[in-house]
J.: 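Sharing a structure with you now.
This structure is a prediction, so every number in the text was calculated from the model and none was measured. This chain uses plain numbering: 1 for the first residue, then up along the sequence.
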Amino acid sequence: MDNNDLFVQMDELEGRAGAVHAELGLMKLHIKRLLEENKRLSIENDQLRKLLRQGTPFLEPQQEPAAADEVPDQTESMEQLDVLPPSSPEAEPFPVIGGGHDNLARLYHEGFHICNVYYGHLRTEGDCLFCLSFLNK
């Protein structure tokens with residue numbers, strides 16, 4: 001065998017080994033993504049199962065007033081929020097929090113992000129400062 005042929009065969013073998021190495025790297029990244037998604041979905045399923053066992057209605061439809069001029073009683077909604085109605089119209093100490101804020105607070109307590117950075121993603125690492133600052137506004 002010629003030294004030149006040996007060098008060419010070694011070069012070809014090195015090229016194939018590099019291609020296999022690159023393909024293994026891509027497969028490793030793909031497996032890593034699949035494992036992370038599997039873990040995230042498992043955590044989400046566990047939280048949803050826990051909510052179902054508690055009987056929390058997390059998919060309840062919104063009720064709308066029957067007529068456009070019919071407005072729900074504001075004192076009932078304030079009682080549900082444990083907020084007292086203001087004593088005088090001029091001095092309202094706290095702004096009235098709407099139903100949207102309640103829904104976001106409920107989503108946050110169910111374990112989902114409500115901040116603009118990770119909205120809708122499952123919270124896996126405890127409290128999120130962005131979400132908490134949004135809730136405290």
Side-chain angles (χ1 to χ4, degrees):
M1 192 179 260
D2 192 318
N3 284 341
N4 201 16
D5 289 338
L6 188 59
F7 182 74
V8 169
Q9 284 181 343
M10 259 326 248
D11 195 37
E12 289 174 359
L13 183 61
E14 184 181 10
R16 286 185 294 203
V20 168
H21 186 281
E23 190 175 345
L24 281 173
L26 291 174
M27 289 179 90
K28 191 175 170 182
L29 286 174
H30 186 66
I31 289 172
K32 179 182 173 189
R33 287 187 196 123
L34 288 174
L35 289 173
E36 287 173 350
E37 182 181 13
N38 187 29
K39 181 67 175 171
R40 182 184 58 80
L41 291 173
S42 295
I43 292 171
E44 186 174 351
N45 281 340
D46 290 341
Q47 287 187 346
L48 290 173
R49 283 188 189 109
K50 186 169 54 171
L51 287 172
L52 281 174
R53 274 186 249 124
Q54 291 174 351
T56 305
F58 54 90
L59 292 176
E60 62 187 26
Q62 296 291 327
Q63 295 179 359
E64 296 183 15
D69 59 341
E70 184 178 322
V71 178
D73 188 16
Q74 193 174 20
T75 56
E76 281 183 25
S77 62
M78 287 184 169
E79 288 171 0
Q80 290 173 352
L81 295 174
D82 294 330
V83 177
L84 297 174
S87 58
S88 67
E90 302 89 31
E92 187 172 317
F94 298 107
V96 177
I97 298 173
H101 187 274
D102 294 341
N103 287 336
L104 288 175
R106 179 182 51 83
L107 281 174
Y108 181 78
H109 291 295
E110 287 176 3
F112 295 96
H113 282 278
I114 59 167
C115 61
N116 62 341
V117 180
Y118 299 109
Y119 183 80
H121 289 94
L122 189 64
R123 285 187 298 120
T124 56
E125 300 176 0
D127 290 333
C128 170
L129 294 178
F130 296 118
C131 294
L132 290 175
S133 69
F134 183 75
L135 279 176
N136 291 331
K137 284 185 182 179

J.: Hey, could you give me the CZ/CD distance between R123 and Q47, rounded to the nearest 0.5 Å?
T.: 8.0 Å

J.: Using ring-ring contact (aromatic ring centres under 6.0 Å, His included) as the criterion, list what pairs up with Y119, not counting sequence neighbours.
T.: none

J.: Quick one: does L48's side chain get under 4.5 Å of E44's, heavy atoms only?
T.: yes

J.: Looking at side-chain heavy atoms only, is the closest gap between R106 and D102 below 4.5 Å?
T.: no

J.: Between NE2 of H101 and CG of N103, what distance do you get to the nearest 0.5 Å?
T.: 11.0 Å

J.: Could you give the distance from CG (D46) to CG (L51), rounded to the nearest 0.5 Å?
T.: 11.0 Å

J.: May I ask you to test the I43-K39 pair for a side-chain heavy-atom distance under 4.5 Å?
T.: yes

J.: If you look at every heavy atom in I114 and L104, which pair is closest and at what distance?
T.: CG2-O, 3.4 Å

J.: Within the supplied structure, the quantity of interest is the number of heavy atoms (other residues, nucleotides, ligands) at a distance under 6.0 Å from L129 CG; does it exceed 12?
T.: no

J.: Distance from D11 atom CG to R16 atom CZ, nearest 0.5 Å?
T.: 10.5 Å

J.: With a 6.0 Å cut-off (strictly less than), is the heavy-atom count around CD of E14, excluding the residue itself, greater than 12?
T.: no

J.: Check L122 against R40 and note the closest heavy-atom contact, atom names and distance.
T.: CD2-O, 3.7 Å

J.: About how many Å separate CG of L107 and NE2 of H109, when rounded to the nearest 0.5 Å?
T.: 10.5 Å

J.: Kindly compute the distance separating SG (C128) from CZ (F112), expressed to the nearest 0.5 Å.
T.: 14.0 Å

